[in-house]
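The structure under discussion appears below in the form of structure tokens.
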Amino acid sequence: MIIKYYEDRVEIENINDFIPRHVFDCGQCFRWTEEEDGSYTGVAYKKVVNIGMFGDKLVINNTNKQDFDNIWNDYLDLTRDYGRIKSHIDIDEHMHKAIGFGRGIRTLNQDEWEILITFIISANNRIPMIRNAVENLSEKYGEEIGEYRGRKYYAFPTPQAIAKANLEDIRNCKVGFRDKYILAAAKHIEKNMEWLYSIKEFDYEAASRELKKLKGVGDKVAHCILLFSMGKYSAFPVDVWIKRIMTTLYGDEIEGNGIGEFASSNFGEYAGFAQQYLFFYGRENNVGKNNEKRSKMK
DNA sequence: CCACAGGGCGGCA
DNA sequence: TGCCGCCCTGTG
């Protein structure tokens, strides 16, 4: 990995296991949009950047050395050896296929607060609507952080900004019945910032228990927060897609002990990475969807 | 107009 | 403890 710094961008040569579409479209983030050249533009940590892969060169536009060192290197998980992880979870032909299909996925290291609210919104919701709600919230309550390629961008709102809002205005951002969970979470986090940001120091079970004290955070949402913002890579979020995929691929093996047990005994500390490959592979290929439709027809 | 997709909560065994 | 009706919004 050779890093070259320029005034307005950073280029990283000889990088493996990074494909923008896999990274930004695998369900872990909702604020990145594809440009015509296949690169993605988005906001994180109050900065707008554009990220593209050209050959084996990763280009981060609209940034500099300081931000790369402080933010993007970690956010994009560039220091992790994904080859090693893949070999650990490549346990059979299904995983081999899924890993091959989503070979360019990396697990982003996102902000705890942003992920908390985003995944509260994700409950019983679909990806385009989650994206829409997050954008609405950011435009309404987030700081304007500048223009890029002719478009205005907004930071994700602070807990303080949302805590001050009223319920109806939050609802108008198209968050639906989750409005009260968002407001309650903001009010709680505003007064207990250290609480949220210290959860990652707890062990996996304790961290999950802490998160579930918040309304709107159940098992699945807690696992997403742990995996996407707290580096708890043994988390294996189970949503309807993962249920479908796992019952289709591993029907007999998950009978009895369940999906979570299957994941932890087969993938262990790397379960979260396995979930990412399985989710992306299953979603993009509609794994299990056809069977379901057929069984619903009479 | 209706069916459907998609997690968590709260009430009730 | 487990089950079930309900909560919203956009799309087909």
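Computation of the quantities below employed the complete heavy-atom set of this structure, encompassing side-chain atoms and omitting hydrogens, waters and symmetry-equivalent molecules. By convention in this document, chain letters (A, B, ...) are assigned in the order of the sequence lines, proteins followed by strands, and residues within each chain are numbered from 1.
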Rounded to the Å, how far apart are A/R178 CZ and C/dG10 P? 11 Å
Between B/dG6 atom P and A/N124 atom CG, what is the distance in whole Å? 9 Å
On DNA chain B, compare the nucleotides closest to A/K215 and A/W241; which residue's is nearer the 5' end? A/W241
Candidate nucleotides C/dT9, B/dG7, B/dC9, ranked by approach to the side chain of A/Y181 - the nearest: B/dC9
Counting the atoms with a prime plus P, OP1 and OP2 as sugar-phosphate, which does A/D179 contact under 4.0 Å by heavy atoms, base, sugar-phosphate, or nothing? nothing
To the nearest Å, how far apart are A/I127 CD1 and C/dC8 C1'? 18 Å
What is the separation between atom CZ on A/F177 and atom C1' on C/dG10, rounded to the nearest whole Å? 14 Å
With a cut-off of less than 4.0 Å, is there a side-chain N or O of A/K180 near OP1 or OP2 of B/dC9? no
Over all strands shown, is A/D219 touching base, sugar-phosphate only, or nothing at heavy-atom distances under 4.0 angstrom? sugar-phosphate
Hey, does the side chain of A/R126 come within less than 4.0 Å of C/dT9's phosphate (OP1/OP2), counting only N and O? no
Cation-aromatic face contact A/K65/A/Y5, 6.0 Å, 45 degrees: yes
Protein-nucleotide distance (A/D239, atom CG; B/dG6, atom P), rounded to Å: 8 Å
Examine the side chains of A/Y148 and A/N61 and answer whether a donor and an acceptor come within less than 3.5 Å of each other. no
Any donor-acceptor N or O pair under 3.5 Å, side chains A/D67, A/N70: no
A/K174, nearest nucleotide to its side chain (from C/dG10, C/dC8, B/dG7): C/dG10
Atom CG in A/L108, atom OH in A/Y75: separation rounded to 0.5 Å? 4.5 Å
A/R244 side chain near B/dG6 phosphate (N/O to OP1/OP2, under 4.0 Å): yes
